[in-house]
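Each remark here refers to the structure printed beneath this line.
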Amino acid sequence: QLPLVESGGGLVQPGGSLRLSCSASGHTLDYFAIGWFRQAPGKGREGVSCIHSNGGNIDYADSVKGRFTISRDYDANTIYLQMNSLKPEDTATYYCAAGLRVGLEAYDYDYWGQGTQVTVSS
């Protein structure tokens, strides 16, 4: 098992920013591709962004391009999702996932975190 932990969620006003973090205490993430997904109430899980283990092959869902940025810090063993210009439709539970294939589909990943709630509201 790979105990992924997300943090950084919260309540933010429209137009605001949040930075989500994904880490795994006691386990290196260096060799894993990481994906960020989100799920809003009553909706399916959506791939938001992904990054290869080598820091390349970055991709974003069209709905977040230009607003979200994924990055990884190997020293900190952490993957970040910087979210700017947040909109109410970004409200969801955000999950990070790890696997050996990079992509925006849930089936690319084998390990999942418990999620962190992001609420965008005035």
For Val48 and Val64 the tightest heavy-atom approach is O-CG2, 3.6 Å

Taken in chain and number order and not counting sequence neighbours, the residues that satisfy disulfide (SG to SG under 2.5 Å) with Cys50 are none

Margin query: Please check: side-chain N/O of Asn77 versus main-chain N/O of Leu29, any donor-acceptor pairing under 3.5 Å?
Written below: yes

Between Ser85 and Asp90, the two heavy atoms sitting closest are O-OD2, 4.4 Å

With sequence neighbours left out, the residues meeting side chain to side chain contact (heavy atoms under 4.5 Å, CB included) with Arg45 are Phe37, Gln39, Tyr95, Trp112

Residues at least two apart in sequence or cross-chain that pass side chain to side chain contact (heavy atoms under 4.5 Å, CB included) with Ser122, listed by chain then number, are Pro14

Between Ser63 and the options Glu46, Glu89, Lys87, the side chain to side chain donor-acceptor pair (under 3.5 Å) test singles out Glu46

All heavy atoms of Ile51 vs all of Val102, minimum pair found to be C-CG2, 3.7 Å

> Is it the case that more than 12 heavy atoms not belonging to Gln1 sit under 6.0 Å from its CD atom?
Replying inline: no

Shortest non-hydrogen pair, Ile34 vs Ile70, comes out as O-CD1, 4.2 Å

Exercise answer: donor-acceptor pairs, residues 15-27 side-chain atoms, under 3.5 Å, sequence neighbours excluded:
from, atom 1, to, atom 2, distance (Å)
Ser17, OG, Asn84, OD1, 2.9
His27, ND1, Ser25, O, 3.1

Taking the side chain as every heavy atom from C-beta outward, state whether Thr91 and Arg38 have any pair of such atoms under 4.5 Å apart.
no

In this structure, CG of Asn54 is separated from CZ of Arg72 (nearest 0.5 Å) by 8.5 Å

Hey, does the side chain of Tyr109 reach the backbone of Gly103 with a donor-acceptor pair shorter than 3.5 angstrom? yes

So the ring-ring contact (aromatic ring centres under 6.0 Å, His included) pairs with at least one residue in residues 65-88 (sequence neighbours excluded) are none

When every non-hydrogen atom of Ala61 is compared with those of Leu104, the smallest separation belongs to N-CD1, 3.9 Å

In the structure I gave you, are the side-chain heavy atoms of Phe32 and Ile79 within less than 4.5 Å of one another anywhere?
no

In this structure, OG1 of Thr69 is separated from CE of Met83 (nearest 0.5 Å) by 11.0 Å

Quiz item: With the 4.5 Å side-chain cut-off for hydrophobic clustering, are Ile58 and Leu100 part of the same group?
Solution: yes

### Message
Is there a side chain to side chain contact (heavy atoms under 4.5 Å, CB included) between Ser121 and Leu11? Walk through the geometry before answering.
### Response
CA-CA 7 Å; Ser121 175; Leu11 173 63; 4.2 Å; yes

With sequence neighbours left out, the residues meeting side chain to side chain contact (heavy atoms under 4.5 Å, CB included) with Arg101 are Tyr107, Asp108

Measure from the side-chain N and O atoms of Glu6 to the backbone N and O of Cys96, and report whether any donor-acceptor pair falls under 3.5 Å.
yes

